[in-house]
Colleague: 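Quick one: the structure is below, questions incoming.
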Amino acid sequence: MRNVVPSVVTFLVFSFTLWGGKGPRLAQGAEYFVGGPNASDGNAGSREAPFANLSFVATKVNPGDVVNIRGTHNITGGGVYVGRSGTAAAPVIFRSAPGETAKITGRGMQDFKAPLTLAGSHLQVRDLDIGDSDGFGLLVYRASNIQIVGNSIHDAYRQGIMAFAEEGVPWPSDILIANNKIFHNARENMGRNKNGGWPGAISTQRADKISLLNNTIYENWGEGVVFNLTNGSVARGNTVYDNFSANLYMDHARNCTFEKNLVYTTGNEQFLRNLNNQWSPASGVQMANEDYGGGSSNPLASNRVINNIVIGGGWGFFYGRYGVGGGMKQTIVANNTFVRATREMIHIDQDGHSGAVFANNIFSLDGGSMTQMPGGASGITFKNNLWQGGASGPASGPGDVSGDPQLANRNGRAAIDVRIAAGSPARGKGAALAEVTDDFWSGARTNPPDIGAHQHGSMPGQNTGGAPGTPGTGGAPAGQGGAGGQATGGNTANNGGNTGTSGG
């Protein structure tokens, strides 16, 4: 079962009245205000005489214009559609007025619509509070060269942020989503009674080159991040925790990267999932190829999961052979630290895996099973991993290490808690990999490298998680960030293919 954005989205473009030449034309590079005292669409748009409605100014902006939003705007019906564009040198910016936090709500929003839909190019949305939507929080529709930075996006019925295009049209691309807080979305599954098809907090469905940098993504009733039907996308330096389903999920993704993310669970019961009569936290990292009908094929290939820290969760890493399957192709899972999974540290369903490599990872288990791999390791190379708390089984390989990795605080949930001590058996026992040149905190790897996300001697605080040039207010705390949908569909609950274990 899946939750696919229906074709109703395709006529969003027809549901808005375009500017017909009445009233003043906005000057290029102008600064405008919307909301606040004495607001009226008959005004000039200055701070003293602001416009009243976002929909009014959205049809008039030109390259270089800055729209300063004040107060609270409840958007109903089809929402505000921004079909106009800026340029690379002169983007159009929608932001909170300086020194303020404007609120955009969507109570009364039509389903599968958003209070704000970005459909042009070179558009930016900055430092807004977008919440309480009865549809999406923010929709990027067929749009490219978009920046969504420093916002708080929460309490949407469906996705918090959705990047989407229909089959047969150019996919949106080059979308930066940075330093945002994304929480309490996917309210349609608040009852935690859906068997699949829940939305993700941040989701793609036919959108390429998405950059998710230094966001805090938590307490959503679906996945945290869903890279689905996407190519060349990266999630780096995000803090992701307490989501109902997989925290980081790749589905029909190619040449995509999960890197330097901190993923954990606090055990918050509101976001546990009932699988086979056992309430469990979400998996840390998950992959699959679900079935979204005709035209959805973009099977997993050439993906990277590198330098992530995954603490707790039902599963550390999960590959599910549900939907169309196809296996992990040319996939590398390297130099991650997986700690304290409650059910299985690694779950990999039998499938057509080929060229997959799991190397230099720490797997430190408390209870549960270390590996569940009913098809064995066919098509997957395991090497130079450190195992603690259980037998590696079919995941054993050359260069493996068994023993206590000597983490700074094995029971903690902060990134600094998984630093290895000077005497750790992980020191210098990794395999040199061209794909991994630094560690979670951007410290250089030696040759041979240490196993796990931390290279001993690399210090937290070297990289504060902020990507240069992406200012905002919602990012991960300093020292926890990394360097610098259909994503609507949750994982299909088909009892996990061959194993009898439900999908993540």
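For reference, positions follow the sequence shown, starting with 1.
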Colleague: Write down the atom of Thr342, the atom of Pro281, and the distance for their closest heavy-atom approach.
Modeller: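 In terms of heavy atoms, the two residues are closest at OG1-CD, 3.9 Å.
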Colleague: Check whether any side-chain heavy atom of Gln286 lies under 4.5 Å from a side-chain heavy atom of Glu223, and answer yes or no.
Modeller: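 No, their side chains stay 4.5 Å or more apart.
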Colleague: Does the side chain of Leu176 come within less than 4.5 Å of Leu213's, by heavy atoms?
Modeller: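 Leu213 vs Leu176: side chains touch.
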Colleague: How many angstroms lie between atom CZ of Arg206 and atom NE2 of His252, to the nearest 0.5 angstrom?
Modeller: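 These two atoms lie 10.0 Å from each other.
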Colleague: Using the test ring-ring contact (aromatic ring centres under 6.0 Å, His included), find all partners of Phe382 that sit at least two apart in sequence or belong to another chain.
Modeller: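 For Phe382 the ring-ring contact (aromatic ring centres under 6.0 Å, His included) partners, ignoring immediate neighbours, are Phe358.
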Colleague: Does the side chain of Val436 reach to within under 4.5 Å of the side chain of Asn360, using non-hydrogen atoms?
Modeller: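 No, too far: nothing below the 4.5 Å cut-off.
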Colleague: Classify the side-chain pair Asn228/Thr204 by whether it contains a donor and acceptor separated by less than 3.5 Å.
Modeller: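 Asn228 vs Thr204: no donor-acceptor pair found between side chains.
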Colleague: When the ring planes of Trp198 and Phe244 are compared, do they come out parallel, tilted or perpendicular, using 30° and 60° as the limits?
Modeller: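 Ring orientation, 0 to 90° scale: perpendicular.
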Colleague: Would you call Phe164 and Ser203 a side-chain contact if the rule is heavy atoms closer than 4.5 Å?
Modeller: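 Result no, sub-4.5 Å side-chain heavy-atom pair not found.
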Colleague: Measure the CG-OG distance between Asp174 and Ser211 for me, rounded to the nearest 0.5 Å.
Modeller: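 It is 8.0 Å, given to the nearest 0.5 Å.
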Colleague: Shortest non-hydrogen contact from Ser133 to Arg187?
Modeller: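 So the minimum-distance heavy-atom pair works out to O-NH2, 2.8 Å.
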Colleague: Rounded to the nearest 0.5 Å, what separates atom CG in Leu139 from atom CG in Leu118?
Modeller: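 Reported to 0.5 Å precision, the distance equals 8.0 Å.
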Colleague: Pick one: which of Phe363, Phe318, Tyr264, Trp387 meets ring-ring contact (aromatic ring centres under 6.0 Å, His included) with Phe338?
Modeller: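 The single option meeting the ring-ring contact (aromatic ring centres under 6.0 Å, His included) with Phe338 is Phe363.
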Colleague: Between Asn220 and Ala186, is there a donor-acceptor pair closer than 3.5 Å when you use the side chain of the first and the backbone of the second?
Modeller: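 No; zero donor-acceptor contacts below 3.5 Å.
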Colleague: Can you find a side-chain donor-acceptor pair between Ser442 and Lys260 that sits under 3.5 Å?
Modeller: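 Short answer, yes.
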Colleague: Measuring only between side-chain heavy atoms, which start at C-beta, is Arg413 closer than 4.5 Å to Arg340?
Modeller: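 The answer is yes, as the side chains (C-beta and beyond) meet within the 4.5 Å cut-off.
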Colleague: Asn308 and side chain to side chain donor-acceptor pair (under 3.5 Å): which single residue from Asn238, Thr337, Asn335, Asn336 fits?
Modeller: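 Passing option: Asn336.
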Colleague: May I have the list of side-chain donor-acceptor pairs in residues 419-428 shorter than 3.5 Å, sequence neighbours left out?
Modeller:
from: Arg419; atom 1: NE; to: Ile416; atom 2: O; distance (Å): 2.9
from: Ser424; atom 1: OG; to: Pro405; atom 2: O; distance (Å): 2.6
from: Ser424; atom 1: OG; to: Ala426; atom 2: N; distance (Å): 3.0
from: Arg427; atom 1: NH1; to: Ala422; atom 2: O; distance (Å): 2.9

Colleague: So, for Phe258 and Phe227, is the gap between ring centers shorter than 6.0 Å?
Modeller: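 Yes, the ring of Phe258 comes within the 6.0 Å limit of the ring of Phe227, centre to centre.
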Colleague: May I ask you to test the Met287-Phe317 pair for a side-chain heavy-atom distance under 4.5 Å?
Modeller: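 When only atoms from C-beta onward are counted, Phe317 and Met287 do touch, with a gap below 4.5 Å.
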Colleague: Would you mind telling me which of His454, Arg236, Gln455, Arg445 makes a side chain to side chain donor-acceptor pair (under 3.5 Å) with Asn307?
Modeller: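 Answer after filtering His454, Arg236, Gln455, Arg445: Arg445.
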Colleague: Out of curiosity, Ile362 CD1 to Met345 CE, how far, rounded to the nearest 0.5 Å?
Modeller: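 Those atoms lie 10.5 Å apart.
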Colleague: For the CG atom of Leu272 and the CZ atom of Arg192, what is their distance to the nearest 0.5 Å?
Modeller: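 That separation rounds to 6.5 Å.
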Colleague: Taking atom types as modelled, is there a side-chain donor on Gln147 or Arg126 under 3.5 Å from an acceptor on the other?
Modeller: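 Side-chain D/A pair, Gln147 to Arg126: present.
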Colleague: Is there a side-chain contact between Asn385 and Ser392 (heavy atoms, below 4.5 Å)?
Modeller: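 They are not in side-chain contact.
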Colleague: Can you find a heavy atom in the side chain of Asp366 that is under 4.5 Å from one in the side chain of Arg410?
Modeller: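 Yes - at least one pair of side-chain heavy atoms lies under 4.5 Å apart.
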Colleague: Asn180 and Asn215: side-chain donor and acceptor closer than 3.5 Å?
Modeller: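 Short answer, yes.
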Colleague: Would you call Asp351-Arg321 a salt bridge at under 4.0 Å N-O?
Modeller: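 Counted as a salt bridge, because a side-chain N and a carboxylate O are separated by less than 4.0 Å.
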Colleague: To the nearest 0.5 Å, what is the distance between OG1 on Thr101 and CZ on Arg95?
Modeller: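 Going from OG1 on Thr101 over to CZ on Arg95, the span is 12.5 Å.
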Colleague: Output yes when a side-chain donor or acceptor of Asn151 lies under 3.5 Å from a complementary backbone atom of Val125, and no otherwise.
Modeller: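 Yes, Asn151 side chain to Val125 backbone: donor-acceptor pair under 3.5 Å.
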